[in-house]
Amino acid sequence: MSTPYLSDQELRRREELAQLKALGIDPYPAAKFEINCTTQKIHEGFSEGVAGFDTLSLAGRLTNKRIMGKASFAELEDSTGKIQLYFNRDEICPGEDKTHYNTVFKKLTSLGDIIGIKGHAFVTQTGEKSVFVKEFTMLCKVLRPIPFRTETDDKVYEVLTDTEQRYRMRYLDLIVHPEVREVFRKRTKMVQTMRDYLNGKGYLEVETPILQPIYGGATARPFKTHHNTLDMTLYLRIANELYLKRLIVGGFDGVYEFSKDFRNEGMSRFHNPEFTQVELYVAYKDYEWMMDLVEEMVEQVAIATNGTTEVQVGDHVINFKRPWKRITMYDSIKEFTGVDISAMDEATMRQACKELDVPVDDTMGRGKLIDEIFGEKVEPFLIQPTFITDYPVEMSPLAKKHRSKEGLVERFEGIFNGKEFCNSFSELNDPIDQRERFESQLELVKRGDAEAMILDEDFLRSLEYGMPPTAGLGIGIDRLAMIMTNQPSIQDVLFFPQMKPEKKVEIASAETFTALGVREELVQLLYKVGITTVEGLRDANPNKLHQDICSQNKKLKLGLKNPTKEEVTQWLANAATA
RNA sequence: GAUUCGGUAGCUCAGCUGGCAGAGCAUCUCCCUUUUAAGGAGAGGGUCCUGGGUUCGAACCCCAGCCGAGUCACCA
């Protein structure tokens with residue numbers, strides 16, 4: 001494949017690479033480079049006269065270089081931060097041969113290159129902690145320019161601000177934006193805190209199938225795939241609930257799984273096709289017990305990630321300190337709309353929706369209508385952590401009927417910043433009731449609800465063997481991470497969010513064009529004017545193409561013999577028959 | 001899907017009422033031994049997203065399209 005599009009800076013770096021090799025320097029050495037310190041440790045531990053910083057060995061990327069004749073200052077960034085380096089020609093090159101400084105460092109090392117250095121810490125005349133370099137080693141020559149951010153005391157010059165490029169080339173985003181690395185460290189810290197908490201309670205971390213013959217445990221459209229050997233349809237899981245419950249049937253008292261789930265639905269700043277949940281099931285407990293657990297665990301997460309229960313999220317400060325507000329769904333709707341819908345039948349409620357300006361359609365049953373009102377009039381306004389409890393039975397086919405309230409189930413959702421982040425019930429363990437709930441879901445499917453649940457016979461069979469009373473919980477890790485790291489979009493807490501495929505520039509080889517009668521030396525001009533494929537040549541306007549090529553030839557001062565108009569026309573004709 | 005904004009040098013962006021394509025940083029050459037966005041002198045670098053149209057003349061105006069972002073709607 002030819003590479004006609006290298007920028008001058010890329011060409012320059014490839015030239016540097018070749019020169020390094022010519023000097024006998026391996027730009028990609030195989031040997032390990034022993035590191036005994038980090039930039040952070042120097043900043044934290046070193047000051048004038050402190051011992052233990054005499055034989056440092058550091059590695060990282062060169063992010064700045066200021067050359068002043070025989071001396072230079074540079075900046076090295078490792079995973080913990082940055083430190084200034086001081087290079088002196090005669091220290092780097094004690095003998096007669098000054099090549100390593102004059103050529104290798106000054107000319108063949110560029111910003112972004114990964115280098116290792118050995119030296120000692122000192123403080124410059126201007127008071128900056130720095131490393132006095134005695135030796136340096138090229139560890140990885142970089143072939144593309146890296147747009148490092150430059151900063152002054154009062155201003156930061158941002159780089160790589162195009163969100164598309166940031167998500168597509170997350171590696172580059174992470175290189176140039178240390179604060180993005182910090183977001184993901186916090187996310188991991190968050191998950192570790194939850195795992196430690198659950199392990200501390202003695203619950204078992206488990207793994208269940210991602211490829212499922214029947215998708216269940218939530219209401220969503222799935223991704224569908226096919227297994228060749230078994231010749232069967234499989235689905236990527238939308239939840240793992242029904243498998244974890246089978247494990248409770250099997251005799252474990254508490255199981256949990258951090259699971260990637262997949263839903264084939266729209267994308268937005270709150271939705272990615274694959275996302276992470278932690279699901280937890282604990283035997284002999286109920287949903288009220290689970291509320292206590294969620295409060296405690298999330299409070300710990302807030303402290304672990306932010307050092308306090310109060311977390312800045314956009315314009316709000318959200319306080320995760322226990323206890324959180326608890327209110328029933330009906331009461332919350334009454335509180336926000338003044339309408340008591342608890343006793344309404346489906347028709348009355350449809351009318352109430354109209355009066356409240358809540359959009360509805362005919363496929364919606366009573367449960368879905370309530371959900372619509374709630375989602376429209378209540379949820380967005382719940383900023384501080386709140387538990388909404390006691391949902392209508394129609395929208396919760398896996399939850400146990402309420403112990404005292406007719407028509408409701410023992411379910412709660414945790415909500416903050418106007419968004420649901422967790423969902424929990426006293427799990428339905430009555431196999432006959434469960435069968436009936438699945439069947440009424442099938443009714444919804446007939447009414448056109450594409451997301452209603454389908455019936456899982458094996459799951460029902462497991463319930464018939466007996467599941468103890470169980471409290472279940474699902475927490476959306478991505479949304480929790482968005483809150484804990486104050487990020488506006490789910491894409492900001494996923495390393496590699498789903499993107500549209502990148503538009504690929506197809507490039508036909510030079511031989512392809514010479515075969516169509518293009519003189520070899522003119523191919524570069526074809527590339528230059530944007531003709532990179534046979535199709536592109538075929539569809540070109542011959543007059544424009546002829547002019548473009550001639551003007552490029554002149555502009556680039558190539559001194560090539562311009563093609564005649566007839567020549568160009570002939571290319572197009574050849575391309576059309578190719 | 002609806003709607004708003006955007007696409008100009010490697011990066012960040014300016015470009016007025018249509019009149020030679022610009023700045024800072026980065027890159028290259030030269031000077032400089034503790035600098036602080038180091039400095040000084042010089043140089044290279046462009047499909048102004050694409051295709052039409054209007055015009056003596058288009059980065060700019062008009063039409064169509066492509067790509068992206070934000071907001072809204074359905075789903076966690």
Side-chain angles (χ1 to χ4, degrees), chain A residues 5-13 15-16 64-75 84-91 107 110-112 122-128 130 132 144-168 172 176 218-221 238-239 261-277 359 361 371-372 375-376 413 415 419-423 450-451 474-480 482 488-491 499-500 502-503 527-532 539-541 544 548 551-552 555-556:
Chain A
Y5 291 126
L6 290 181
S7 68
D8 60 331
Q9 295 194 35
E10 288 173 285
L11 290 169
R12 170 76 203 170
R13 280 160 188 263
E15 176 58 29
E16 289 169 2
N64 197 345
K65 197 161 86 165
R66 302 184 288 275
I67 295 174
M68 287 163 293
K70 280 181 276 183
S72 298
F73 287 86
E75 228 160 50
Q84 176 169 266
L85 306 179
Y86 173 71
F87 286 79
N88 181 296
R89 188 188 68 190
D90 298 325
E91 294 288 338
K107 297 197 191 297
S110 34
L111 299 195
F122 77 110
V123 178
T124 63
Q125 288 179 359
T126 52
E128 181 167 345
S130 307
F132 191 103
R144 289 172 180 261
I146 297 178
F148 286 110
R149 181 157 60 193
T150 50
E151 296 174 37
T152 59
D153 293 338
D154 55 341
K155 211 172 171 188
V156 176
Y157 293 78
E158 267 305 334
V159 293
L160 198 69
T161 53
D162 181 342
T163 49
E164 189 204 359
Q165 284 193 48
R166 286 186 47 224
Y167 298 149
R168 272 196 207 288
L172 186 59
V176 303
T219 53
R221 291 200 298 271
I238 58 172
D261 293 342
F262 306 84
R263 298 187 183 176
N264 203 343
E265 297 181 335
M267 289 164 65
S268 76
R269 71 191 185 94
F270 292 106
H271 300 90
N272 193 66
E274 59 181 283
F275 65 105
T276 306
Q277 284 198 97
D361 67 59
D371 197 33
E372 288 297 314
E376 192 80 11
E413 287 192 355
I415 294 171
K419 274 282 169 187
E420 172 200 345
F421 82 97
C422 81
N423 185 15
E451 290 157 1
I475 296 181
I477 296 296
D478 310 293
R479 288 190 181 177
L480 192 58
M482 284 167 65
S489 165
I490 194 168
Q491 295 176 304
M499 304 284 287
K500 274 194 193 173
E502 197 169 2
K503 197 124 184 151
Y527 288 142
K528 200 72 193 171
V529 301
I531 305 293
T532 57
D539 299 336
N541 175 328
K544 183 172 169 14
D548 282 352
S551 65
Q552 281 294 328
K555 197 171 195 174
L556 296 171

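Atoms considered below: every heavy atom in the structure, side chains included; atoms not considered: hydrogens, waters and symmetry mates. Proteins get letters first, then strands, A, B, ... in listed order; numbering begins at 1 in each.
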Measure across [X] and [Y] and return the closest heavy-atom pair with its distance rounded to 0.1 Å.
| X | Y | answer |
| --- | --- | --- |
| A/R269 | A/P488 | NH1-O, 2.6 Å |
| A/R149 | A/V176 | NH2-O, 4.0 Å |
| A/I238 | A/R221 | CG2-O, 4.2 Å |

Base, sugar-phosphate, or nothing: which does [X] touch, judged by heavy atoms less than 4.0 Å apart?
| X | value |
| --- | --- |
| A/N264 | nothing |
| A/D261 | nothing |
| A/E16 | sugar-phosphate |
| A/T163 | sugar-phosphate |
| A/F122 | base |
| A/G476 | nothing |
| A/Q125 | base |
| A/E128 | base |
| A/K65 | nothing |

[M] and [N], which share atom name [atom1], separated by this distance in whole Å:
| N | M | atom1 | result |
| --- | --- | --- | --- |
| B/U8 | B/C13 | P | 10 Å |
| B/C62 | B/A43 | C1' | 41 Å |
| B/A21 | B/C31 | C1' | 31 Å |
| B/G1 | B/G39 | P | 50 Å |
| B/C67 | B/U55 | C1' | 29 Å |
| B/C5 | B/A9 | C1' | 24 Å |
| B/A26 | B/C11 | P | 15 Å |
| B/G65 | B/U27 | P | 43 Å |

So, is [X] near the phosphate of [N], with a side-chain N or O under 4.0 Å from OP1 or OP2?
| X | N | value |
| --- | --- | --- |
| A/K70 | B/C31 | no |
| A/N64 | B/A38 | yes |
| A/R12 | B/U27 | no |
| A/T161 | B/C13 | yes |

> Parallel, tilted or perpendicular: which fits the ring planes of A/F73 and A/Y86, with parallel below 30° and perpendicular above 60°?
Replying inline: tilted
Report the base-pairing partner of [N] (Watson-Crick or G-U wobble, both distances below 3.5 angstrom), or none.
| N | answer |
| --- | --- |
| B/U17 | none |
| B/A2 | B/U71 |
| B/U50 | B/A64 |
| B/C25 | B/G10 |
| B/U33 | none |

side-chain contact (heavy atoms from CB on, under 4.5 Å) for A/M499 and A/E164? Distances and angles first, verdict last. CA-CA 8 Å; A/M499 304 284 287; A/E164 189 204 359; 3.8 Å; yes
Atom CD of A/E158 and atom C1' of B/C13 are separated, to the nearest Å, by 13 Å
Side-chain atoms of A/M68 come closest, of B/U34, B/C74, B/A38, to B/A38
**Message:** Could you check whether atom CZ of A/R144 has more than 12 heavy atoms from other residues, nucleotides or ligands sitting under 6.0 Å from it?
**Reply:** no
Original post:
A/R269 or A/F148: which one's nearest nucleotide on RNA chain B is closer to the 5' end?
Top reply: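 It is A/F148, whose closest nucleotide lies nearer the 5' terminus.
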Where each residue is assigned the nucleotide of RNA chain B containing its nearest heavy atom, which of A/A71 and A/L160 is assigned the position nearer the 5′ end?
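Between the two, 5'-proximity favours A/L160.
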What's the spacing between A/F275 CZ and A/I477 CD1 if we round to 0.5 Å?
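A/F275 CZ to A/I477 CD1: 11.0 Å, rounded to 0.5 Å.
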Next item on the list: Just do the side-chain contact (heavy atoms from CB on, under 4.5 Å) check on A/H271 and A/I490 with the steps written out, would you?
Entry: CA-CA 7 Å; A/H271 300 90; A/I490 194 168; 5.9 Å; no
Next item on the list: Walk me through it: do A/R13 and A/E16 pass the test side-chain contact (heavy atoms from CB on, under 4.5 Å)?
Entry: CA-CA 5 Å; A/R13 280 160 188 263; A/E16 289 169 2; 4.1 Å; yes
I'd like a table of atom pairs between the protein and nucleotides 39-44 of chain B - only N or O on both sides, under 3.5 Å - with the distance next to each one.
from, atom 1, to, atom 2, distance (Å)
B/G44, N2, A/D8, OD2, 3.2

